[in-house]
Amino acid sequence: MKTYRSWVEVDLSAIEHNVKELMTLLSSKEQFMAVVKANAYGHGAIEVCHTLNKIGVYAFATATLFEAIELRKNGIQGQILILGYTEPSLVYLLKKYQLTQTVINSTYAKLVNAQGIDIPVHIAIDSGMHRLGNTQEEFDDIASLFHLPYLHVTGIFSHLCVSDSINIENQDYTRKQIYTFINIVDKLKKRYDVGCVHLQSSYGLLNYSYLNFDYVRIGISLYGVYSSKEDYQNPHIHFKPALSLKSKIVLLKSIQKDETVGYGRTYKATQKRKIAVVPIGYGDGLPRCFAHDVLVRGKRVPIVGRICMDQLMIDVSEVDNVSLFDIVTFIGEDHGEKISVEDIAEHVHSISNEILSQLGERLPRIYQGGHYERTL
Ligand SMILES: *Cc1c(COP(=O)(O)O)cnc(C)c1O
C-alpha cells in the first residue's frame, strides 16, 4: 500500500462468504447468477468473477456488451447475460464472445434478428416496473419472439421494482408483479420452451425467498451490504462487507483562528487547528457533498472545507500522535471503529449501490483473501 495514493481493498473471502450465506436461501434447483455490472459494483469485475468461478458460480450478468467482453477476454467461464441494450450492429460480438443478450422488447428483437446472426437471448418481461420488456397486454408480441429464426430463447425474466420495501402496499405490488410474470411464463410454456426463468435480485431473494425459479440475480448483497440502512435485514443472513476505501495523510499543517480551508473558504477555524491533506477527491468517485467523518488512528475526524477533484482536507487536531502517512479510512474499519457504505449512503441521500459503483478507475484495487492477485 506504500506506493498508493488512495486505494480500494477488497476481501474476496468475504464475497465467498456472502455467496454461501445467500445459497442457504436457495432450493437445490435454483442457481446463483452474479450481477457484476459497473465493475462488480466497484469491486473489480475480473477478480470477483474469477473468485466466483472457483467456488462454482457459472452465471453472470453485466449491464453492457463491453463489460461482458472484458470478462470473456479474461477467461471467465459460464453464461454471461447482458441485462441492457446492445446496438444491433454489434450482434456479431455477442456471437464471437458467446454472450447472451436481453431482448428489451419486440421491436428490438426484430432489429437484432435482421442481423442474420444466431444468438441466445433472454426475454425481458415488463411485469410492472415499466422499464424493459413487453407487458402482459402485449402477449402476442412476446409470443412472436419465439418465431424469429436467429434468436434462440434460452431464458425469460422480469425485474421487481419495490421488493426492497416491506411497506404493505409495496408488498402487494410485488406480489402482483410475481403473479403477472408467472402467468405470462405459464401461458408461453404451453406452446414454447422458454428456457430458464428468473425474477429475483438481492431483495427479491432476501424478502421473497419462498419463490423458486431457475436463477436468482444477485448484485448488492453479493458484496455484503444493504442498499440502505432502513432496509429490512433478514435475520438468518450475516453478510460481510467486502470493500474498504482508504487513503493517507500526505501533508500536515497548522492554521490559526479565523483562517479558512479550501475552495470557497467555506470552513473557518474558530481556534488553532491541525489540518491534514488527503489525496482523494470527487474525481475518485467520492461524492462532492460527502461530509461524513473519516477514521484516523481509530478516531472519527471531520472533513473540512469543500472536497476538491483530487484532494480533501481533514481536521486532525484531536488525533493523538497524528503523523504523516497515517491511513485515512473512508469505508471500513480502523482500530475497532467502523464506517459502513450504508452510513455514507445515508449521509449523502443515496444508496450503497451508487457509492460503490462510482468508485473510480484511478483507485487501485488491492485484493485479499482470495487466490487471485492483479498486478498493477
Ligand atoms: C442491477 C440488476 C440486478 C441486481 O440488483 P441488486 O439489487 O443489486 O441485487 C438484477 N437484475 C437486474 C435486471 C438488474 O438491472
Side-chain angles (χ1 to χ4, degrees), residues 12-37 40-41 43 45-63 67-68 71-72 75-84 94 97-103 119-125 127 132-133 152-160 163 174 177-178 181-182 184-186 188-189 192-224 234 236-239 242 370:
L12 293 169
S13 65
I15 290 178
E16 294 178 9
H17 165 88
N18 298 327
V19 172
K20 284 175 192 146
E21 283 291 290
L22 289 160
M23 291 275 195
T24 64
L25 298 175
L26 302 185
S27 73
S28 55
K29 168 183 161 253
E30 285 175 296
Q31 292 190 60
F32 200 96
M33 182 186 288
V35 180
V36 293
K37 58 194 182 189
Y41 294 48
H43 293 64
I46 295 161
E47 293 78 2
V48 166
C49 291
H50 272 297
T51 301
L52 292 170
N53 265 177
K54 274 187 199 121
I55 59 167
V57 175
Y58 289 104
F60 300 95
T62 67
E67 287 175 344
L71 298 183
R72 277 288 185 256
I76 301 306
Q77 306 285 312
Q79 179 192 154
I80 304 177
L81 171 64
I82 299 163
L83 294 169
L94 295 169
Y97 290 100
Q98 298 178 352
L99 306 170
T100 306
Q101 174 59 41
T102 294
V103 170
I119 52 156
V121 296
H122 284 202
I123 299 173
I125 299 293
S127 59
L132 301 184
H152 300 286
V153 179
T154 56
I156 186 164
F157 71 97
S158 189
H159 197 47
L160 302 170
S163 61
T174 300
Q177 279 194 277
I178 295 166
F181 178 62
I182 290 177
I184 293 171
V185 170
D186 283 350
L188 287 168
K189 271 184 174 168
Y192 308 106
D193 178 1
V194 299
C196 58
V197 180
H198 46 108
L199 176 64
Q200 300 143 282
S201 54
S202 295
Y203 287 92
L205 177 62
L206 291 169
N207 296 339
Y208 301 85
S209 59
Y210 61 86
L211 292 171
N212 196 7
F213 295 105
D214 298 317
Y215 280 100
V216 289
R217 301 185 305 270
I218 303 300
I220 191 68
S221 52
L222 179 60
Y223 309 105
N234 189 317
H236 305 293
I237 300 296
H238 304 285
F239 289 134

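Heavy atoms only: backbone and side chains are in, while hydrogens, waters and symmetry mates are out.
- Under the rule for a side chain to side chain contact (heavy atoms under 4.5 Å, CB included), the partners of Thr174 that lie at least two apart in sequence or sit in another chain are Leu160, Val162, Ser163, Ile178, Tyr208.
- Under the ring pair (Phe, Tyr, Trp, His ring centres under 6.0 Å) criterion, His198 pairs with His122, Phe157, sequence neighbours left out.
- The ring pair (Phe, Tyr, Trp, His ring centres under 6.0 Å) test applied to Tyr223 returns Tyr41, His43, not counting sequence neighbours.
- In this structure, Ser201 contributes its side chain and Arg217 its backbone to no donor-acceptor pair below 3.5 Å.
- Counting only distance, with no hydrogens or angles, the side chain of Gln77 and the backbone of Tyr58 share no donor-acceptor pair below 3.5 Å.
- Using modelled atom types, no side-chain atom of Gln79 and backbone atom of Ala59 make a donor-acceptor pair closer than 3.5 Å.
- With hydrogens and angles disregarded, no donor-acceptor distance shorter than 3.5 Å links the side chain of Thr102 to the backbone of Ala124.
- Of all heavy-atom pairs between Ile76 and Arg72, the closest is O-NH1, 2.9 Å.
- The two residues Leu132 and Leu83 have their closest heavy-atom pair at CD1-O, 3.3 Å.
- Going from atom CD1 of Ile218 over to atom OH of Tyr203 covers 11.0 Å, rounded to the nearest 0.5 Å.
- Once rounded to the nearest 0.5 Å, the distance linking CZ of Phe239 with CG of Asn234 reads 7.5 Å.
- With sequence neighbours excluded, no residue forms a ring pair (Phe, Tyr, Trp, His ring centres under 6.0 Å) with Tyr215.
- Closest of all the heavy-atom pairs between Val197 and Phe213 is O-CB, 3.3 Å.
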Identify every side-chain donor-acceptor pair in residues 28-37 under 3.5 Å, counting partners at least two apart or on other chains, and give the distances.
| from | atom 1 | to | atom 2 | distance (Å) |
| --- | --- | --- | --- | --- |
| Lys29 | NZ | Asn212 | O | 3.1 |
| Glu30 | OE1 | Ser27 | N | 2.9 |

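- The distance from atom CG of Asn18 to atom CG of Leu222, rounded to the nearest 0.5 Å, is 7.0 Å.
- Not counting sequence neighbours, the partners of Tyr192 by the side chain to side chain donor-acceptor pair (under 3.5 Å) test are His147.
- Thr154 places no side-chain N or O within donor-acceptor distance of the main-chain N or O of Gly195, the cut-off being under 3.5 Å.
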